[in-house]
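In what follows, a structure is listed as structure tokens, so that the remarks can point back to it.
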There are 2 protein chains.
Amino acid sequence: MRLREATTAEIKATALKHMASSGTAAISLRAIARDMGMTAGAIYSYFDTRDNLVSVLIADVYSGLADTLEAAIEACPKDDAAAQVLAFGQAYRNWAVNNPEEFRLVYGDAVPDYQPPEGGAAAEAEHRSCAVLTGIVAAGWPKAQHLYIGSDHSWSDFDPAFAELIRQSFPDLPPAAVALSLRLWGRMHGLVSLEVYGHLRPQVQDPQKLYRTELVDLSKSLGHVPVGDSPSVVSV
Amino acid sequence: MRLREATTAEIKATALKHMASSGTAAISLRAIARDMGMTAGAIYSYFDTRDNLVSVLIADVYSGLADTLEAAIEACPKDDAAAQVLAFGQAYRNWAVNNPEEFRLVYGDAVPDYQPPEGGAAAEAEHRSCAVLTGIVAAGWPKAQHLYIGSDHSWSDFDPAFAELIRQSFPDLPPAAVALSLRLWGRMHGLVSLEVYGHLRPQVQDPQKLYRTELVDLSKSLGHVPVGDSPSVVSV
DNA sequence: TGGCCTAATAAACAGTGTTCACTCTTTATG
DNA sequence: CATAAAGAGTGAACACTGTTTATTAGGCCA
């Protein structure tokens, strides 16, 4: 039935609308139903439970983030890992700052009592995002690997399924590179999540500038040597 | 009244107990009161509102974290910035991993509809934690400053009150060093918050190892040159 | 004893997720 | 054409939440 899909989509859209305007905690079945001219109980023919709806929302939003990230590096030269990591980093922060509630939904636990299921659809989007970053590291690895000759990381450090997935896409990539890509993710996520959750504003006037400094320093992890001494060469 | 203080403390303790066992969303006035053999309404003679109670809890917990961090670097040689930053980083992660609900309370927005007040008691603990990290950077700055000669950071990048506070404690420290300390905080926070929120486990078998690698790399930002090539020299 | 303050209560209000018996409409089949 | 089946939605109920308010019990002091 087309109508069923349409209603499902409308429920999700309404939920996201409420979330964007009133915060993640405002995802209330009753409020959604009221907004749509229905009853709360009616939603249960589309989603088993509220957590189920939230799970689907998280998967959708996360998938949208993955799209954004993929699109961001798509516009970069394929062999310029430094440009790619800068683009990725900027896209990550821009998305988070412009969609703070979505960010909280995906990376926080804003929804009361919600417990994420094992390996849901969200896991797929997470793997996609990770893969994008790993692709960047893979592109820059020839120039970067000399920085990690002493690394003691091995494939057993990672989840077997994840490691297998990575090795399929990038057969020649060593575990040290995978560790690097996860660390890069962590570095970006740190400043961004501090900012989104309001822990940077009290101290920093311009979080973007601080973040840009971090990104430039971060690009050095890929063997990139910035032209000139000033980070102002970075296009934002 | 002594009795009043005791009851206030018991309310806070009960709230923290519930939070630790059933998550941050379980901070329910009714549940707390039930546990204490009172009525929910009675709590309102001790705390104006639930958000008020949460604010006090956050301040307490954050203050405890600051104590932990201060104690961690207290045990380090005063002039060894690298050892200090490693100790700080390990203490930060250990605290977060061992007290995930406290971490979520302070750095997330786990409590539904809670809005943090401007410059509450939590801000003081945040400044304390920042100051600890800035102290580490200050200790290592003589050996590290050559890495940041091209920095274009200025005092105007920071909040005036925060900048003034820093300059009182560390008169000779340039703004680039303050930016560095905030970035170090961000780097630690990134991997830790990803881990606490469950975004690392699906990919990484041993988050601690990844984090240690990051810490070692991070100590290089302070001009530290690790002995040997292996990060195994780091005492955990 | 009378007055006062404080702590605590019970009941109410509006909101939440969830379930369930029931209705109405549409669709397909004998 | 008539009848059965399935789909979609309702409205009332249950147990829970934070919060407010009127009211009561107990201690303290003059």
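In this structure, B:Glu126 and A:His199 have side chains that are in contact, with non-hydrogen atoms separated by less than 4.5 Å. Residues B:Glu101 and B:Leu105 are not in side-chain contact: their nearest non-hydrogen atoms beyond the backbone lie 4.5 Å or more apart. Side-chain contact between B:Phe88 and B:Met188: present, with at least one pair of heavy atoms (C-beta onward) separated by less than 4.5 Å. When side chains are defined from C-beta on, A:Val85 does not count as touching A:Leu215, because their heavy atoms never get closer than 4.5 Å.
Qualifying side chain to side chain contact (heavy atoms under 4.5 Å, CB included) partners for B:Thr39, counting only residues two or more places apart in sequence or in other chains: none. Residues forming a side chain to side chain contact (heavy atoms under 4.5 Å, CB included) with A:Ala179 (at least two apart in sequence, or on another chain): A:His153, A:Phe158, B:Leu210.
If you take CD1 of B:Ile32 and C1' of C:dA8, they are 17 Å apart, rounded to a whole angstrom. If you take CG of B:Asp51 and P of D:dT17, they are 17 Å apart, rounded to a whole angstrom. If you take CG of A:Leu29 and C1' of C:dT18, they are 9 Å apart, rounded to a whole angstrom. For A:Phe47 and C:dT19, the CZ to P distance is 16 Å, given to the nearest whole Å. Taking atom CD1 on A:Ile43 and atom P on C:dT16, their separation rounds to 11 Å, with Å as the unit. With rounding to whole Å, A:Leu53 atom CG is found 14 Å from C:dT16 atom P. Going from atom CZ of A:Arg30 over to atom P of C:dC13 covers 17 Å, rounded to whole Å. Distance B:Arg50 CZ to D:dT20 C1': 17 Å, rounded to the nearest Å.
Nearest to the side-chain atoms of B:Ser28 among the listed nucleotides D:dG18, C:dG15, C:dG17 stands D:dG18.
Listed in residue order, the members of residues 11-20 of chain B having a heavy atom less than 4.0 Å from DNA chain C come to none.
In this model, the phosphate group of C:dT18 is approached by a side-chain N or O of A:Thr49 to a distance below 4.0 Å at OP1 or OP2. Proximity of A:Tyr44 to the phosphate of C:dT19: no side-chain N or O atom is located under 4.0 Å from OP1 or OP2.
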Atom pairs under 3.5 Å, N or O on each side, protein against nucleotides 9-11 of chain D: can you list them with distances?
residue: D:dG9; atom: OP2; partner: A:Tyr46; partner atom: OH; Å: 2.7
residue: D:dT10; atom: OP1; partner: A:Gly37; partner atom: O; Å: 3.4
residue: D:dT10; atom: OP2; partner: A:Thr39; partner atom: N; Å: 2.6
residue: D:dT10; atom: OP2; partner: A:Thr39; partner atom: OG1; Å: 2.9
residue: D:dT10; atom: O5'; partner: A:Thr39; partner atom: OG1; Å: 3.1

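Considering CG of B:Leu65 and CD1 of B:Ile58, their distance stands at 13.0 Å, rounded to 0.5 Å.
For the helix from C:dT1-D:dA30 to C:dG30-D:dC1, the axis fitted to the five pairs at one end and the axis fitted to the five pairs at the other end meet at an angle of 30° (nearest 10 degrees).
For residues 44-69 of chain B, the pairs satisfying ring pair (Phe, Tyr, Trp, His ring centres under 6.0 Å) are B:Tyr62-B:Tyr107, with sequence neighbours left out.
Closest non-hydrogen pair, A:Ala163 versus A:Trp155, comes out as CB-CE3, 3.7 Å.
For a distance-only test at 3.5 Å, the side chain of A:Arg4 fails to qualify as a donor-acceptor partner of the base of D:dG7.
Test B:Gln205, B:Gln203, B:Lys209 against A:Asp157 for side-chain hydrogen bond (donor to acceptor under 3.5 Å, both in side chains) and you get one pass: B:Lys209.
Between B:Asp35 and B:Lys17 a salt bridge is recorded (basic side-chain N to carboxylate O distance below 4.0 Å).
Using cut-offs of 30° and 60° on the angle between ring planes, the pair A:His127 and A:Phe162 is parallel.
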